[in-house]
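All figures in this text were calculated on a predicted structure; none of them were measured in a lab.
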Amino acid sequence: MILSGLATGLINGLIGIGGGTIVIPSMVFLLGVAQHQAHGTSLAVILPTSVASAFVYWWKGHFSWSLFWPIVLTGIAGAYLGARLMNRLSPHRLRQLLGLVMIVAGARLLWR
């Protein structure tokens, strides 16, 4: 768990990801946590790690309040709907969806 937390914080601060890409697979495959519980816990982990990283980015002038508010306000609605939908998916489908999103995001980053 300590290495997972350290890796999550490091990756979050460096490239802005970590919760879904590091914490969920670590909890599921290394710690044996149930898929849905890993997703829920990951979301709680994202808050403090993101705040710490965002503070440093803000301090260095790499933060936009004009982008922040519209994304946060609509993101809250999307997060609520996504969390409700997650509860309707089987652990297998949820894992597949996470993997698919990670593959698509990675491919877009590599070939964009």
Side-chain angles (χ1 to χ4, degrees):
M1 283 189 284
I2 292 170
L3 289 176
S4 175
L6 184 59
T8 299
L10 180 65
I11 298 298
N12 180 286
L14 183 63
I15 58 176
I17 62 169
T21 57
I22 305 294
V23 174
I24 293 172
S26 294
M27 283 192 281
V28 171
F29 298 117
L30 299 177
L31 302 175
V33 174
Q35 192 74 38
H36 286 81
Q37 187 175 14
H39 282 255
T41 304
S42 169
L43 291 170
V45 167
I46 289 169
L47 182 61
T49 58
S50 293
V51 167
S53 297
F55 176 77
V56 173
Y57 279 85
W58 170 80
W59 185 261
K60 295 294 184 179
H62 305 295
F63 189 92
S64 171
W65 287 106
S66 63
L67 292 173
F68 174 82
W69 287 112
I71 294 170
V72 163
L73 295 176
T74 55
I76 289 171
Y80 175 79
L81 294 172
R84 296 286 306 254
L85 178 60
M86 178 196 70
N87 288 306
R88 295 179 180 205
L89 298 175
S90 70
H92 179 72
R93 287 284 180 240
L94 190 54
R95 189 172 337 156
Q96 286 179 326
L97 182 60
L98 175 63
L100 179 63
V101 169
M102 290 171 62
I103 289 169
V104 170
R108 285 193 50 123
L109 287 171
L110 289 173
W111 285 284
R112 189 161 192 217

> Between CD1 of I15 and OG of S53, what distance do you get to the nearest 0.5 Å?
Replying inline: 11.0 Å
> So, do M27 and S42 sit near enough that their side-chain heavy atoms are less than 4.5 Å apart?
Replying inline: yes
> Going hydrophobic residue to hydrophobic residue with side-chain gaps under 4.5 angstrom, can you get from L98 over to V28?
Replying inline: yes
>> Is there a side-chain contact between L97 and L89 in this structure, where contact means two heavy atoms from C-beta onward sitting under 4.5 Å apart?
In response: yes
>> So does I46 get a backbone contact from the side chain of T49, meaning a donor-acceptor N/O pair under 3.5 Å?
In response: yes
> M1, V45: one ILVMFWY side-chain cluster at the under-4.5 Å cut-off?
Replying inline: yes
>> Using 0.5 Å steps for rounding, measure from the CD1 atom of I76 to the CD1 atom of I71.
In response: 12.5 Å
>> I need the minimum non-hydrogen distance between R95 and Q35, along with the two atoms involved.
In response: NE-OE1, 3.0 Å
> In terms of hydrophobic clusters joined by side-chain contacts under 4.5 Å, are Y57 and L14 together?
Replying inline: no
> So, do L100 and Q96 sit near enough that their side-chain heavy atoms are less than 4.5 Å apart?
Replying inline: no
> When you measure from the side chain of H36 to the backbone N and O of N87, does any donor-acceptor pair fall under 3.5 Å?
Replying inline: no
> What distance do L85 atom CG and L81 atom CG have between them, rounded to the nearest 0.5 Å?
Replying inline: 8.5 Å
> If every non-hydrogen atom of S66 is compared with every non-hydrogen atom of P70, which pair is closest and at what distance?
Replying inline: O-CD, 3.1 Å
> Are V51 and F68 connected, step by step, through hydrophobic side chains (Ile, Leu, Val, Met, Phe, Trp, Tyr) whose heavy atoms are closer than 4.5 Å?
Replying inline: no
>> Other residues, nucleotides and ligands only: do more than 12 of their heavy atoms fall within 6.0 Å of CG on L73?
In response: yes
> For the residue pair I22 and A7, what are the closest heavy atoms and their distance?
Replying inline: CG2-CB, 4.1 Å
> Any link between I24 and V101 through a network of hydrophobic side chains (Ile, Leu, Val, Met, Phe, Trp, Tyr) touching at under 4.5 Å?
Replying inline: no
>> For F63 and W65, take the angle between the two ring planes, folded into 0 to 90°, and tell me which bin it lands in: parallel under 30, tilted 30 to 60, perpendicular over 60.
In response: perpendicular
